[in-house]
**Student:** 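I have a structure I would like to understand better, so I am pasting it below and will then ask my questions one at a time.
Quick note: residue numbers are just sequence positions, from 1.
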Amino acid sequence: MVIGMAGGVGSGKSTVLSIMEQEYPVQICMADELGHAALEHGTEAYEAVVTAFGEDILCGSGRIDRNLLSDIVYQEGEKLAVLNGIIHPYVKKEIHKQIEQCSPDRMFILETAILFETGCDELCDEVWGVITKDEIRIRRLMESRGYTREKAEYIMKNQMGNGELAKRCNRLIVNDGDREELRRQIRTYMIEVVAILPKVW
């Protein structure tokens, strides 16, 4: 079974996933990590990004400076679409590979902040959404990533909001409380999902 884990940046998806990985037989795929791998020297995506954005985005070692690239695309909205058009197909292809290789006795969890925007929800049997109050998300991004409030708000504005997520997800995890409350919600959903799975699970 493939479960998509949706939710905007700063919503706390990584905390949810760490609980699931510790307590349940799951295989977790982090789309962000695949996106980072796409920018590594030697990939087709790397070559396409350098062609699109120029060699000024490269460090002395030839690696793409992801912080610089991030600043460029979030300052110029049309360039974000260009970058996504290069990275998303690469990531989706890699996700396909991992799903095919996943052991049948494990649940495959796909985590991405833009699950619906990239069409990856089509790969999932269910989609769970992690939602958190906007102000909490902004604070987390400022503290953990060093973002300014303006950058955090801009990124959030370009992602699906809590209301839309609530409409499109099969289940919602509200991450405004503590870790124990998260564990309780996850446990409830896992029991419900396992009940509809084949006996191998």
**Student:** Please list, chain by chain and in numerical order, all residues satisfying ring-ring contact (aromatic ring centres under 6.0 Å, His included) with Phe53, sequence neighbours excluded.
**Tutor:**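 ring-ring contact (aromatic ring centres under 6.0 Å, His included) check on Phe53 returns nothing, list empty.
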**Student:** Which heavy atom of Ile138 sits nearest to which heavy atom of Glu153, and what is that distance?
**Tutor:**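 Looking at all heavy atoms of both residues, the closest pair is CD1-CG, 3.8 Å.
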**Student:** Where is the tightest heavy-atom contact between Ile86 and Ala52, given as atom of each residue plus distance?
**Tutor:**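 The pair with the smallest heavy-atom distance is CD1-CB, 4.2 Å.
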**Student:** Short question: side chain of Thr43, backbone of Leu39 - any donor-acceptor pair under 3.5 Å?
**Tutor:**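 Between the backbone of Leu39 and the side chain of Thr43 there is no qualifying donor-acceptor contact (under 3.5 Å).
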**Student:** What is the distance from atom OG of Ser70 to atom CD1 of Ile57, rounded to the nearest 0.5 Å?
**Tutor:**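 Here the rounded value is 12.0 Å.
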**Student:** Going hydrophobic residue to hydrophobic residue with side-chain gaps under 4.5 angstrom, can you get from Ile114 over to Met30?
**Tutor:**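 No.
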**Student:** If a pair satisfies salt bridge (charged side-chain N to carboxylate O under 4.0 Å, His left out) and one of its residues is in residues 6-18, list it, with sequence neighbours excluded.
**Tutor:**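 Qualifying pairs, neighbours excluded: Lys13-Glu111.
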**Student:** Can you tell me which residue pairs pass the salt bridge (charged side-chain N to carboxylate O under 4.0 Å, His left out) test with a partner in residues 53-66, sequence neighbours excluded?
**Tutor:**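 Pairs touching residues 53-66 that pass the test: Glu40-Arg63.
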**Student:** Return the set of residues passing ring-ring contact (aromatic ring centres under 6.0 Å, His included) with Tyr46 (not counting sequence neighbours), or none when no residue passes.
**Tutor:**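 For Tyr46, the residues satisfying ring-ring contact (aromatic ring centres under 6.0 Å, His included) (neighbours in sequence not counted) are His41.
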**Student:** For Ser103, give me all partners under side-chain hydrogen bond (donor to acceptor under 3.5 Å, both in side chains), at least two apart in sequence or on another chain.
**Tutor:**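 With neighbours one apart ignored, the set is Asp105.
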**Student:** Got a second to check how far Leu182's CG is from Arg187's CZ, nearest 0.5 Å?
**Tutor:**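 Spacing of CG (Leu182) from CZ (Arg187) equals 11.5 Å.
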**Student:** Which atom pairs, one a donor and one an acceptor, fall under 3.5 Å between side chains of residues 90-101 and the rest of the protein, sequence neighbours left out?
**Tutor:**
unit_1: Lys92; atom_1: NZ; unit_2: Gly119; atom_2: O; d: 3.4
unit_1: Glu94; atom_1: OE2; unit_2: Lys97; atom_2: NZ; d: 3.3

**Student:** Find the distance between OG1 (Thr148) and CE (Met142) and round it off to the nearest 0.5 Å.
**Tutor:**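 With rounding to 0.5 Å, OG1 (Thr148) is 7.5 Å from CE (Met142).
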**Student:** To check you understand the geometry: which heavy-atom pair defines the closest contact between Ala38 and Ala45, and what is its length?
**Tutor:**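 Heavy atoms of Ala38 and Ala45 come nearest at O-CB, 3.3 Å.
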**Student:** Let me see the working for Met190 and Met20 under side chain to side chain contact (heavy atoms under 4.5 Å, CB included), right down to the final yes or no.
**Tutor:** CA-CA 9 Å; Met190 289 298 285; Met20 296 184 76; 3.8 Å; yes
**Student:** In Å and rounded to the nearest 0.5 Å, what is the CD1 to OG1 distance from Ile186 to Thr15?
**Tutor:**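 So the gap between those two atoms works out to 9.0 Å.
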**Student:** Could you name each residue pair satisfying ring-ring contact (aromatic ring centres under 6.0 Å, His included) that touches residues 117-150, not counting sequence neighbours?
**Tutor:**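 Sorted result for residues 117-150: Trp128-Tyr189.
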**Student:** Give a yes or no answer on whether the side chain of Asp121 reaches the backbone of Gly4 with a donor-acceptor pair at less than 3.5 Å.
**Tutor:**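 Side chain of Asp121 to backbone of Gly4, a donor-acceptor pair under 3.5 Å: no, none is there.
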**Student:** Should Ile87 and Leu68 be counted in the same cluster of Ile, Leu, Val, Met, Phe, Trp and Tyr side chains packed under 4.5 Å apart?
**Tutor:**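 Yes, Ile87 connects to Leu68 through the hydrophobic network.
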**Student:** Closest heavy-atom contact between Leu165 and Ile131?
**Tutor:**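 Leu165 and Ile131 have their closest heavy atoms at CD1-CG2, 4.1 Å.
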**Student:** At their closest point, which heavy atom of Gly12 faces which heavy atom of Asn175, and how far apart are they?
**Tutor:**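 So the minimum-distance heavy-atom pair works out to CA-ND2, 3.4 Å.
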**Student:** Please step through side chain to side chain contact (heavy atoms under 4.5 Å, CB included) for the pair Arg139 and Ile136, ending with a clear verdict.
**Tutor:** CA-CA 5 Å; Arg139 187 176 70 245; Ile136 295 175; 4.1 Å; yes
**Student:** Identify every side-chain donor-acceptor pair in residues 155-164 under 3.5 Å, counting partners at least two apart or on other chains, and give the distances.
**Tutor:**
unit_1: Asn158; atom_1: ND2; unit_2: Tyr154; atom_2: O; d: 2.9
unit_1: Gln159; atom_1: OE1; unit_2: Val9; atom_2: N; d: 3.0
unit_1: Asn162; atom_1: ND2; unit_2: Thr132; atom_2: O; d: 3.0

**Student:** Could you tell me which residues satisfy side-chain hydrogen bond (donor to acceptor under 3.5 Å, both in side chains) with Arg184, sequence neighbours excluded, listed by chain and number?
**Tutor:**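 side-chain hydrogen bond (donor to acceptor under 3.5 Å, both in side chains) list for Arg184, sorted by chain: Glu181.
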**Student:** Would you check if there is a donor-acceptor pair between the side chains of Ser18 and Arg179 at a distance under 3.5 Å?
**Tutor:**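 Result is yes, a qualifying pair exists.
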**Student:** Could you walk me through whether Arg168 and Phe116 pass the side chain to side chain contact (heavy atoms under 4.5 Å, CB included) check?
**Tutor:** CA-CA 9 Å; Arg168 301 185 67 170; Phe116 296 103; 3.6 Å; yes
**Student:** Short question: side chain of Arg140, backbone of Gly10 - any donor-acceptor pair under 3.5 Å?
**Tutor:**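 Checking the backbone N and O of Gly10 against the side chain of Arg140, a donor-acceptor pair under 3.5 Å is found.
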**Student:** List the residues meeting side-chain hydrogen bond (donor to acceptor under 3.5 Å, both in side chains) with Asp125, not counting sequence neighbours, and say none if there are none.
**Tutor:**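 For Asp125, no residue satisfies side-chain hydrogen bond (donor to acceptor under 3.5 Å, both in side chains) once neighbours in sequence are set aside.
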**Student:** Sort and list the pairs that fulfil salt bridge (charged side-chain N to carboxylate O under 4.0 Å, His left out) and have at least one residue in residues 20-39, not counting sequence neighbours.
**Tutor:**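 Sorted pair list: Glu23-Arg183.
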**Student:** Would you check, one step at a time, whether the test side chain to side chain contact (heavy atoms under 4.5 Å, CB included) holds for Leu110 with Ile3?
**Tutor:** CA-CA 6 Å; Leu110 169 60; Ile3 292 179; over 6 Å; no
**Student:** Applying the 4.5 Å side-chain criterion to the ILVMFWY set and letting contacts propagate, would Leu17 and Val193 be lumped into a single cluster?
**Tutor:**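 Same cluster.
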**Student:** Give the minimum heavy-atom separation between Ser11 and Gly7, together with the two atoms involved.
**Tutor:**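 That would be OG-C, 3.7 Å.
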**Student:** Residues two or more places apart in sequence or in another chain: which of them pass side-chain hydrogen bond (donor to acceptor under 3.5 Å, both in side chains) with Glu135?
**Tutor:**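 Glu135: side-chain hydrogen bond (donor to acceptor under 3.5 Å, both in side chains) contacts with Arg149.
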**Student:** Checking side-chain contact (heavy atoms from CB on, under 4.5 Å) between Glu126 and each of Glu192, Met5, Met1, which is the one that passes?
**Tutor:**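 With Glu126 as partner, Glu192, Met5, Met1 yield a single side-chain contact (heavy atoms from CB on, under 4.5 Å), made by Met1.
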